Number of protein chains: 2
Amino acid sequence: MSKYGRKYTHAVIATDVVVFTIKDEKLQALLIKMKKPEFRGYWAVPGGLVKGEEGLETAAFRHLSEKTGMRGVYIEQLQTFGDPKRDPFGRVVSVAYIALVSWDKHELKTSEQYGGVAWFPIAGLPKLAYDHEEIVRMAATRLKAKIEYTNIVRGLLPRRFTLTELQRAYEIILGKVIDKRNFRKKILETKIIKEVKGKISSGAHRPARMYRFVVDKPQAVEML
Amino acid sequence: MSKYGRKYTHAVIATDVVVFTIKDEKLQALLIKMKKPEFRGYWAVPGGLVKGEEGLETAAFRHLSEKTGMRGVYIEQLQTFGDPKRDPFGRVVSVAYIALVSWDKHELKTSEQYGGVAWFPIAGLPKLAYDHEEIVRMAATRLKAKIEYTNIVRGLLPRRFTLTELQRAYEIILGKVIDKRNFRKKILETKIIKEVKGKISSGAHRPARMYRFVVDKPQAVEML
DNA sequence: CCAAAAGTGTTCCGACTACACCCATGT
DNA sequence: ACATGGGTGTAGTCGGAACACTTTTGG
């Protein structure tokens, strides 16, 4: 029993979604500012309770949409956190999800109904409520592992992208530089992306070809 | 609402543990026979509800011990299953775990209090209750994936084992034959196992050297 | 014409694969 | 002595890593 007292008498089930994006050359997570007075100054991963007849993933989508305005993003289950002490208000078991988005595709809900929504670089998180720090860390670790053998990087990019953008995504998440020629050779021979008509000019240099993913569904592929 | 009616008004949390072992040259899972009349003839993975102030992993251990007599095994979280319709008696969200044991280390509880406990080969499961078939399938897939890049195989073997036993474990789980010389070279250069004094004679042939794992804690290692 | 990112092949080396025979024991 | 699984080394091949210059555009 915490100093705040238990709010729920039964254990309840919640979902939390760690939303990742790549922005300003950094891996960033979406956080919302806490409103509860006990957590003043803390931020949290968007989430909330699961309704009686609602599926877990459905609940995750609903809270994400309600609190951030995001819809139609890719999510996958991360892990379930159930330490009896993780929530001072009662026994809350949280099923954590990872979501990947192309940040420029989503307008963040400005409504101050939830106290603010903002992106934070993974290196440089603010104070997080509950065990959300652990959840975000584990999510980042999982992302780093899965990006090498699946096509999930897709979720972080816009529909059409350049090979340099794709390579930067890998470099940022893995935290290391990759040789350009080897990268292109490897990625192209997976046949998982395909050139698409149109080039993009982004400055005083040669314009880049655009590509898109051939398979839209998540699957295991040896990417690197 | 199912034809059996809802037993619980609130969603409750349960754990289920898929226990794997290698026995008779096959990967096998531990199942218990259902007692509820609605599930006559069905088997299930050992598990049950989480108590009010009990941790998830603690609950998994407790049910495993109560229903099968096993203690001190290695478990890790698999996934959480929360389809609102997965349990006809109410909304039960189940956190599934994987356990790995050396089958000869554990005497199965003979008490018929739970309707019977038995090993079943993964290829050749009986009718399973709830969504346990899906849970076991996913557990087997996860095991197959993780055995290549972690030291979890350790959980399936006795403390001291021969290289042939270790190789057989890999062959059975991966479902393919492995070259003996390449296997030994690879495994030994990981430094994750170490020869131990004593040999084992198991028939009309040269006795085998015994080995043990150097690190007892689960960790990621490129095994194959 | 200069700056800046796009685009493109080859060589080298280490890792994985394939493969066959002698050894130590029990019966 | 023979049947059985334990134990050992090498050669060939393939994939990953290292590496530098030309192209196209905007300013």
Side-chain angles (χ1 to χ4, degrees), chain A residues 22 24-25 144-145 147-150 153 157-158 160-212 220-224, chain B residues 22 24-25 144-145 147-150 153 157-158 160-212 220-224:
Chain A
I22 288 179
D24 303 336
E25 300 275 297
K144 190 168 168 172
I147 199 175
E148 297 209 47
Y149 65 91
T150 70
V153 71
L157 296 172
R160 294 159 18 98
F161 53 88
T162 69
L163 289 183
T164 301
E165 285 168 349
L166 181 60
Q167 183 176 342
R168 285 300 294 144
Y170 277 96
E171 290 179 335
I172 290 164
I173 292 169
L174 296 177
K176 67 178 184 190
V177 297
I178 301 173
D179 180 85
K180 202 204 314 190
R181 281 173 290 190
N182 294 337
F183 177 80
R184 290 173 179 231
K185 205 186 312 161
K186 199 84 201 297
I187 287 290
L188 290 174
E189 77 194 9
T190 65
K191 302 284 187 200
I192 211 169
I193 62 172
K194 189 183 149 185
E195 189 176 347
V196 69
K197 249 198 317 234
K199 299 196 179 188
I200 179 77
S201 269
S202 61
H205 55 84
R206 179 171 176 173
R209 297 178 184 170
M210 304 292 289
Y211 292 80
R212 68 172 178 81
V221 189
E222 207 58 49
M223 303 290 282
L224 300 182
Chain B
I22 289 180
D24 303 335
E25 301 275 296
K144 189 168 169 174
I147 200 175
E148 296 210 47
Y149 65 93
T150 69
V153 71
L157 297 172
R160 295 159 16 97
F161 52 88
T162 68
L163 289 182
T164 301
E165 284 168 351
L166 181 60
Q167 181 176 343
R168 285 300 295 143
Y170 277 95
E171 290 180 334
I172 289 164
I173 291 169
L174 296 176
K176 66 179 184 190
V177 297
I178 301 173
D179 180 85
K180 201 200 319 187
R181 281 173 290 191
N182 293 338
F183 176 80
R184 290 173 180 232
K185 204 186 313 160
K186 199 83 200 299
I187 287 290
L188 289 174
E189 78 192 11
T190 65
K191 304 285 188 198
I192 211 170
I193 61 171
K194 188 183 150 184
E195 190 176 348
V196 70
K197 246 196 322 231
K199 299 196 179 189
I200 179 76
S201 269
S202 61
H205 56 84
R206 179 171 175 173
R209 297 178 184 169
M210 304 293 289
Y211 292 80
R212 68 172 178 80
V221 189
E222 206 59 50
M223 303 290 282
L224 300 184

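Computed from a predicted model, the values in this text were never measured in an experiment.
- Take B:E148 and apply the side chain to side chain donor-acceptor pair (under 3.5 Å) test, not counting sequence neighbours, and it matches no residue.
- Taking atom CD1 on B:I178 and atom P on C:dC19, their separation rounds to 16 Å, with Å as the unit.
- Residues A:M210 and A:K199 fail the side-chain proximity criterion, which asks for heavy atoms closer than 4.5 Å.
- Contact record, B:I178 with B:E171: N-OE2, 2.9 Å, taken as the closest heavy-atom pair.
- Rounded to whole angstrom, the span from the CD atom of B:E25 across to the C1' atom of D:dG5 amounts to 13 Å.
- When rounded to the nearest whole Å, the span between CD of A:Q167 and C1' of C:dA5 equals 12 Å.
- Residue A:R168 contributes atom CZ, which lies 15 Å from atom C1' of C:dA6 at whole-angstrom precision.
- Counting all heavy atoms, side chain and backbone alike, A:A169 lies closest to A:V153 at CB-CG2, 4.0 Å.
- The minimum heavy-atom distance linking B:L163 with B:F183 is given by the pair O-CE2, 3.9 Å.
- As a whole-Å value, the separation of A:K186 NZ from D:dA17 C1' is 12 Å.
- Here B:R168 pairs with B:E25 in a salt bridge; the nearest charged N to carboxylate O distance falls below 4.0 Å.
- Here the P atom of nucleotide C:dG7 and the CZ atom of A:F183 are 12 Å apart, to the nearest Å.
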Does the protein touch nucleotides 6-14 of chain D at the base, only the backbone, or not at all? Give it as B, S and - per nucleotide, heavy atoms under 4.0 Å. BBBBB----
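- The CD atom of B:E189 sits 11 Å away from the C1' atom of C:dG14 (whole-angstrom rounding).
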